[in-house]
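Structure, as structure tokens:
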Amino acid sequence: LFKILIVASVGFAAWPLHLILSDRAGTWLVILFPILFVAVICFILICYFLSFYAASFVLLDHLNFVEALASSWQIFIDHWLVSLEMAGVTFLVSLCAGIVAILGIVIIAVPFSLIAALSMFYVVPIIGLACIFISSILMLMLIFYIGSLLAVFETASWVVLFMRMREGKAGSKLLRWLHIIKSPQTV
């Protein structure tokens with residue numbers, strides 16, 4: 001259900017972009033598109049949070065779909081800022097993991113590419129093909145390893161956050177930091 005809503009909202013947001021790029025949009029659509037884009041992103045985030053929380057309620061508390069959806073809405077309303085903070089943290093971790101994967105691929109590719117190029121230059125193509133094959137396998141292993149670490153981290157962090165929210169122990173780090181900045185304690 002949530003995936004259908006997300007795909008429909010992306011299609012809804014893509015329609016004005018199609019009109020803008022094909023020069024068939026009026027000025028009002030060009031002005032309205034950024035607002036629509038932000039609204040669709042917010043809707044997609046809410047759908048993601050609700051789907052994860054509802055699945056957690058179904059798995060952990062054995063609630064039916066309607067009860068899980070109602071409980072997930074309530075937990076989202078109570079902890080919306082914490083949910084956004086966790087989404088930001090997981091986004092940054094995913095971004096860093098992507099950068100590490102790209103750097104790892106470059107580190108693997110450069111020496112193997114040089115060896116392969118030299119082997120082709122010296123007319124020993126079997127060494128070049130072996131280098132390409134080995135580097136491809138190593139790159140795939142690196143991508144799978146980083147991807148699996150990222151998946152475990154994200155799942156574990158969302159589950160721990162869900163458990164803390166359900167217990168009433170989750171609090172916004174941003175609000176805590178702002179409170180410290182507003183009124184620093186004297187020593």
Can [Y] be reached from [X] by stepping across I, L, V, M, F, W or Y side chains whose heavy atoms are under 4.5 Å apart?
X      : Y      : value
Phe65  : Phe76  : yes
Phe52  : Val58  : no
Trp158 : Leu81  : yes
Val40  : Val38  : no
Ile127 : Ile134 : no

Check whether any side-chain heavy atom of [X] sits under 4.5 Å from a side-chain heavy atom of [Y], and report yes or no.
X      : Y      : result
Phe49  : Leu84  : yes
Ile143 : Ile105 : yes
Cys47  : Phe43  : yes
Leu60  : Arg166 : yes
Ser56  : Val159 : no

For the pair Asp61 (side chain) and Leu63 (backbone), establish whether a donor and an acceptor sit closer than 3.5 Å, ignoring hydrogens and angles.
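Judged by distance alone, no pair lies under 3.5 Å.
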Between Ser72 and Leu69, is there a donor-acceptor pair closer than 3.5 Å when you use the side chain of the first and the backbone of the second?
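Yes, Ser72 side chain to Leu69 backbone: donor-acceptor pair under 3.5 Å.
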Atom [atom1] of [X] and atom [atom2] of [Y]: how far apart are they, to the nearest 0.5 Å?
X      : Y      : atom1 : atom2 : value
Leu142 : Ile137 : CG    : CD1   : 13.0 Å
Ser83  : Ile77  : OG    : CD1   : 10.0 Å
Cys96  : Ile146 : SG    : CD1   : 11.5 Å
Thr90  : Phe153 : OG1   : CZ    : 7.5 Å
Ile102 : Ile107 : CD1   : CD1   : 12.0 Å
Met165 : Gln74  : CE    : CD    : 12.0 Å

Look at the aromatic rings of Tyr53 and Phe162 and report parallel, tilted or perpendicular, splitting at 30° and 60°.
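Answer is parallel, since the angle falls under 30°.
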Which pairs, with at least one residue in residues 106-123 and sequence neighbours excluded, count as a side chain to side chain donor-acceptor pair (under 3.5 Å)?
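Sorted pair list comes back empty.
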Smallest separation among heavy atoms of Ala54 and Ala68, with atom names:
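Closest pair (atom of Ala54, atom of Ala68, distance): O-CB, 3.5 Å.
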May I have the step-by-step check of side-chain contact (heavy atoms from CB on, under 4.5 Å) for Val89 and Ser157, ending in yes or no?
CA-CA 10 Å; Val89 167; Ser157 61; over 6 Å; no
Please collect all salt bridge (charged side-chain N to carboxylate O under 4.0 Å, His left out) contacts where either partner lies in residues 99-109, sequence neighbours excluded, each pair once.
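Qualifying pairs: none.
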Quick one: side-chain contact (heavy atoms from CB on, under 4.5 Å) partners of Ser135, sequence neighbours excluded?
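Per chain and number, Ser135 pairs via side-chain contact (heavy atoms from CB on, under 4.5 Å) with Ile108, Phe112, Met139.
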Show your working on side-chain contact (heavy atoms from CB on, under 4.5 Å) between Leu50 and Trp73 and close with a plain yes or no.
CA-CA 6 Å; Leu50 291 179; Trp73 179 253; 3.7 Å; yes
Can you tell me if Leu95 has over 12 outside heavy atoms packed within less than 6.0 Å of its CG?
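Counting other residues, nucleotides and ligands, CG of Leu95 exceeds 12 neighbours.
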